[in-house]
Amino acid sequence: SHPKWICGFSDVTALLNHINSLGFVCVHSTMPQLFKVDRGADMNSLRDFLTNNKRHNLSANPNHQNHMGKAQGILTGGNLSLIVHGIGTPSEIDTDGKILCLEEVDEYHYQVDRMMIQLKRAGKLKNLAGLAVGHLTKMKEGDLSFGTDAAGVIASHIDEKIPTGFGFPFGHDTPNLAIAFGLKGYLSVDPEGSKISF
């Protein structure tokens with residue numbers, strides 16, 4: 001009856017996805033555990049979202065893995081492994097017609113490949129409006145070489161017709177800027193870089 005903002009990232013993805021499934025907006029952002037760390041940009045971004053009723057923007061530099069184009073749709077997503085673990089549960093993510101936001105930390109490339117295949121087989125990549133990829137932090141090659149980085153592994157599973165931008169400032173690194181899941185967003189990817197507005 002009186003919903004409060006739920007804000008966080010990483011394992012909090014499980015909560016964000018479930019809250020979205022109930023029709024509420026929530027925030028992928030820094031969280032109190034990290035307030036003691038000097039991450040001023042992260043805290044300022046969360047404060048700005050919570051206190052300023054205006055359009056917010058995130059931008060990323062050009063990336064050779066990007067797929068050019070424009071998209072609009074409800075923003076959703078979070079940590080890749082938590083999204084995959086939610087498939088088949090009441091918290092399963094709905095990606096149809098939406099802009100999916102992904103980030104990941106400390107995973108081998110073959111595990112990223114496995115998770116992307118699971119998303120694809122579950123139909124989560126088929127009807128995407130767009131894809132925005134944030135920090136891919138401390139990713140590891142492992143014994144099995146894919147001949148590319150983690151971004152390349154992800155890009156290999158996305159249809160080139162789907163606008164896709166890599167390098168957005170959210171996830172397990174700083175800056176981890178606030179992005180609202182459940183609000184309508186606009187994604188633009190061109191040779192100058194990528195931008196999300198919401």
Side-chain angles (χ1 to χ4, degrees), residues 8-18 20-21 28-31 33-34 58 60-69 71 75-96 98-177 179 181 187 189 193-194 196:
F9 71 108
S10 193
D11 286 357
V12 178
T13 294
L15 289 175
L16 303 183
N17 289 171
H18 192 77
N20 271 173
S21 76
H28 186 278
S29 68
T30 189
M31 48 193 168
Q33 181 184 12
L34 298 172
L58 277 72
N61 292 325
N63 188 296
H64 69 283
Q65 302 289 2
N66 286 355
H67 300 163
M68 305 298 154
L75 297 166
T76 191
N79 180 261
L80 173 59
S81 56
L82 269 293
I83 290 171
V84 167
H85 289 316
I87 293 174
T89 75
S91 305
E92 182 170 342
I93 193 170
D94 175 12
T95 60
D96 284 353
K98 297 183 179 180
I99 298 173
L100 178 61
C101 303
L102 296 178
E103 60 88 16
E104 190 51 273
V105 62
D106 199 26
E107 294 284 1
Y108 286 99
H109 294 173
Y110 76 87
Q111 291 171 320
V112 174
D113 184 60
R114 180 187 298 161
M115 290 186 283
M116 292 301 296
I117 289 172
Q118 186 169 351
L119 285 181
K120 183 182 291 184
R121 295 188 70 201
K124 301 303 178 183
L125 305 180
K126 184 177 181 181
N127 297 315
L128 288 181
L131 176 67
V133 181
H135 298 302
L136 299 171
T137 307
K138 298 180 182 178
M139 307 303 277
K140 299 170 287 191
E141 176 73 62
D143 295 333
L144 180 62
S145 175
F146 277 79
T148 185
D149 57 10
V153 174
I154 292 172
S156 71
H157 292 285
I158 306 298
D159 190 309
E160 291 187 2
K161 296 177 182 177
I162 297 174
T164 302
F166 287 86
F168 279 100
F170 62 82
H172 283 76
D173 211 334
T174 187
N176 179 19
L177 305 186
I179 183 167
F181 291 165
L187 171 67
V189 186
S194 307
I196 295 174

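Owing to the predicted nature of the structure, the values given are computational and were not obtained by experimental measurement.
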[X] side-chain N/O to [Y] backbone N/O, donor-acceptor pair under 3.5 Å:
{"X": "Asn176", "Y": "Phe170", "result": "no"}
{"X": "Asp94", "Y": "Asp96", "result": "yes"}
{"X": "Thr13", "Y": "Asn79", "result": "yes"}

Which pair of heavy atoms, one from [X] and one from [Y], lies closest together, and at what distance?
{"X": "Gly152", "Y": "Thr148", "answer": "CA-OG1, 3.3 Å"}
{"X": "Asn66", "Y": "Ser194", "answer": "ND2-OG, 3.4 Å"}
{"X": "Met139", "Y": "Val112", "answer": "CE-CG2, 3.4 Å"}
{"X": "Asp173", "Y": "Thr137", "answer": "CB-OG1, 3.7 Å"}
{"X": "Ser91", "Y": "His18", "answer": "OG-ND1, 2.8 Å"}
{"X": "His109", "Y": "Asp149", "answer": "CE1-CA, 3.8 Å"}

With rounding to the nearest 0.5 Å, note down the distance linking [atom1] in [X] to [atom2] in [Y].
{"X": "Glu107", "Y": "Leu80", "atom1": "CD", "atom2": "CG", "answer": "7.5 Å"}
{"X": "Cys101", "Y": "Phe168", "atom1": "SG", "atom2": "CZ", "answer": "8.0 Å"}
{"X": "Leu177", "Y": "Ile196", "atom1": "CG", "atom2": "CD1", "answer": "10.5 Å"}
{"X": "Met115", "Y": "Ile87", "atom1": "CE", "atom2": "CD1", "answer": "11.0 Å"}
{"X": "Asn17", "Y": "His85", "atom1": "CG", "atom2": "NE2", "answer": "12.5 Å"}
{"X": "Leu128", "Y": "Ile162", "atom1": "CG", "atom2": "CD1", "answer": "5.0 Å"}

Can you tell me if Glu104 and Ser81 form a side-chain donor-acceptor pair at under 3.5 Å?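 Checked: Glu104/Ser81 side chains pair up, N/O donor to acceptor below 3.5 Å.
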Of all residues at least two apart in sequence or in a different chain, which pass the side chain to side chain contact (heavy atoms under 4.5 Å, CB included) check with Lys138?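 Applying side chain to side chain contact (heavy atoms under 4.5 Å, CB included) to Lys138 gives none.
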Evaluate the side-chain contact (heavy atoms from CB on, under 4.5 Å) criterion for residues Lys140 and Gln111: first the C-alpha distance (whole Å), next the side-chain angles of each, then the deciding distance (0.1 Å), finally the verdict. CA-CA 10 Å; Lys140 299 170 287 191; Gln111 291 171 320; 5.8 Å; no
Beyond-backbone contact of [X] with [Y], side-chain heavy atoms, under 4.5 angstrom:
{"X": "Ile154", "Y": "Leu131", "value": "yes"}
{"X": "His28", "Y": "Val12", "value": "no"}
{"X": "Pro169", "Y": "Leu58", "value": "yes"}
{"X": "Leu100", "Y": "Thr76", "value": "yes"}
{"X": "Val189", "Y": "His67", "value": "no"}
{"X": "Thr95", "Y": "Leu125", "value": "no"}

Apply side-chain hydrogen bond (donor to acceptor under 3.5 Å, both in side chains) to Glu141 and list each qualifying residue two or more places apart in sequence or on a separate chain.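 Residues passing side-chain hydrogen bond (donor to acceptor under 3.5 Å, both in side chains) with Glu141: none at all.
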Going by the ring-ring contact (aromatic ring centres under 6.0 Å, His included) test, which pairs reach into residues 111-162, not counting sequence neighbours?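 For residues 111-162: none.
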Is the His172 ring parallel, tilted or perpendicular to the Phe9 ring (thresholds 30°, 60°)? perpendicular
Is the number of heavy atoms from other residues, nucleotides or ligands under 6.0 Å of Asn127 CG greater than 12? yes
